[in-house]
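Structure first, commentary second.
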Amino acid sequence: MSSSTNPTSAAYQKAVKKLGLKDNIARALEIPDRELTVEISFRRDNGELDSVIGYRVQHNNARGPFKGGIRYHHHVDIEEVRSLATLMSWKTSLLDIPYGGGKGGIAFDPSKYTATEIERISRRFFRAIDPIIGINIDIPAPDVNTNSQVMSWFMDEYSQTHGYTPGIVTGKPLELGGSEGREAATGRGTAICTREAAEKWGIELNNSKVVIQGFGNVGSFAAKFLHEYGCKIIGVSDVSGGLYNPDGLDISTLFDYNYKNKTIDGFEEGTKITNEQLLSLECDFLIPAALGSAINKSNADSINCKIVVEAANGPVTGDAADKLWSERKIPIIPDILTNAGGVTVSYFEWVQNLQQFKWTEDDVNKKLEQKMVDAFSEVFSLKKDKNISMRTSSFMVAIDRVNNAYTLRQG
Ligand code: NAD
């Protein structure tokens, strides 16, 4: 990804300049602390030996243990993991939770392997990264193609040698120390950010028009909560295509349909549209909640919303963001703020594991609400004060906090 298309590196450069950080500090904060590449040998079900490559990148731990998910995907490589680990340092800092940033991944396509093979790969990987992780050192979590089952294997593998340690990973099932409210957390955080943006930009939330690309974990829960706030969700899509109803889709029924079928395909309501048509619908809030680079130079001019709320990681490329914000003054609520609800409740899960005390769902939701509102308000104040974008402001708040902790620790 070049710096013109990578919103994160462009935002980092802008923010460190505005913060007036010296080059040596800016460089030190950008370079990851540690990168580990591991070879994972395992047996296929037919007895043949096979091997895959895994990574764990620990970007920065000035403010607390490294924190970030582990993804299974054939596109995983060290550069992608490094960039996602860096993003985690800024995200945890922005929400002011006592973590640094890390990320991991294994370069393989899990759809080509059986569940028992994936279990063997997962356990081997966790053993391979054991020397650099720990409950106060580095706490992995789920990401693309990993889930609570994979977290259970990780936790079991670690506990075999270190004793019962649920806090070594987050995103676990409830039975093994997972947190109430985790499944809905990222969508809930997205809805809260949308609500706060409506208030700050003077848009009436009730009956406002919302379009959501991606109806997976994040998109479907965001739709559910925004619908509860009174918004009209006029368009949604997934990999199969989109649905449009100018009067608002029946989100409660669609949510249940999608939860059961894992797709919106076949839902008998609304007009079928393509993903490209969906992105250009006239609306108040456009929420890309599927893929990176969904809004890019080629479709930025057709975007027809008042505010973009980035629920996915990196859904608006750097050059598209320039077109939207610099040329058309369409605000973008950046990913490190919008989708931080997930890592925030992961943090709550870890705290509950350390305390060996379970919180109610209501406790979790109230604490999440407060964290999201505080972070949004801090970012918005700085944005107004300095007349900058929400993204630059978010990065400034996040980098400043990491820099302060980092500098104090250098003595
Ligand atoms: P998911 O796999 O549950 O859902 C992804 C959705 O996107 C699905 O509905 C899928 O059909 C749709 N999709 C895939 N390709 C598409 C395409 N070409 N066009 C339109 N839709 C397409 O994933 P998720 O957990 O909801 O994550 C969505 C995004 O949010 C990702 O970028 C992820 O990195 C980010 N994110 C997720 C979390 C979390 O807690 N789940 C936290 C932070 C960030």
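Ligands are counted one by one from 1 in listed order, and the atoms in each one are counted from 1 as well.
For atom 30 (O) of ligand 1, the choice among A312, A340, G187, S220 with the nearest heavy atom turns out to be A312. When the options I264, L291, V345, N313 are ranked by their closest heavy atom to atom 16 (C) of ligand 1, first place goes to L291. Of the listed residues (G341, G171, A290), the one carrying the non-hydrogen atom nearest atom 7 (O) of ligand 1 is A290. The closest heavy-atom contact to atom 41 (N) of ligand 1, among the options N145, T190, D143, N217, comes from N217.
The closest donor-acceptor contact from the side chain of Y257 to the backbone of S252 lies at 3.5 Å or more, if one exists at all. In terms of modelled atom types and a separation under 3.5 Å, the side chain of D400 and the main chain of V397 share no donor-acceptor contact.
Among all non-hydrogen protein atoms, the one lying nearest atom 19 (N) of ligand 1 is N275 ND2, 3.4 Å. In terms of protein heavy-atom proximity, atom 8 (C) of ligand 1 is closest to G216 N, 3.7 Å. Scanning all protein heavy atoms for the shortest distance to atom 21 (N) of ligand 1 gives D238 C, 3.3 Å. Protein heavy atom nearest atom 26 (O) of ligand 1, with residue, atom name and distance: V218 N, 2.9 Å. For atom 40 (O) of ligand 1, the nearest protein heavy atom (residue, atom name, distance) is T186 OG1, 2.7 Å. In terms of protein heavy atoms, atom 14 (C) of ligand 1 is closest to V239 CB, 3.9 Å.
Here's the thing with K91: none of its N/O atoms is less than 3.5 angstrom from an N/O atom of ligand 1. No N or O atom of A289 sits closer than 3.5 Å to an N or O atom of ligand 1.
With respect to the salt-bridge test (charged N to carboxylate O, under 4.0 angstrom), the residues R44 and E117 qualify. Classification of K366 and E361 as a salt-bridged pair fails, no side-chain N sitting under 4.0 Å from a carboxylate O. Using a 4.0 Å cut-off between a side-chain N of Lys or Arg and a carboxylate O of Asp or Glu, E80 and K103 do not qualify as a salt bridge. The pair K306-E282 does not meet the salt-bridge criterion, since no charged nitrogen lies less than 4.0 angstrom from a carboxylate oxygen.
Counting the atoms of ligand 1 from 1 in the order shown, those under 4.0 Å from a heavy atom of A311 are 30 (O).
At a cut-off of 3.5 Å, with distance as the only test, a side-chain donor of Q370 or D374 sits close to an acceptor on the other residue.
Here the two rings, on F255 and F221, have centers that are under 6.0 Å apart.
Within 4.0 Å of atom 2 (O) of ligand 1, not a single protein heavy atom is present.
Using a 4.0 Å cut-off between heavy atoms, R182 contacts ligand 1 through its side chain alone, with no backbone atom that close.
Put simply, CZ on F154 and CE on M151 are 5.0 Å apart, with the number rounded to the nearest 0.5 Å.
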For a ring pair (Phe, Tyr, Trp, His ring centres under 6.0 Å) check, start with the C-alpha distance between F125 and W153, then their side-chain angles and the critical distance, and finish with the verdict. CA-CA 11 Å; F125 172 72; W153 292 327; over 10 Å; no
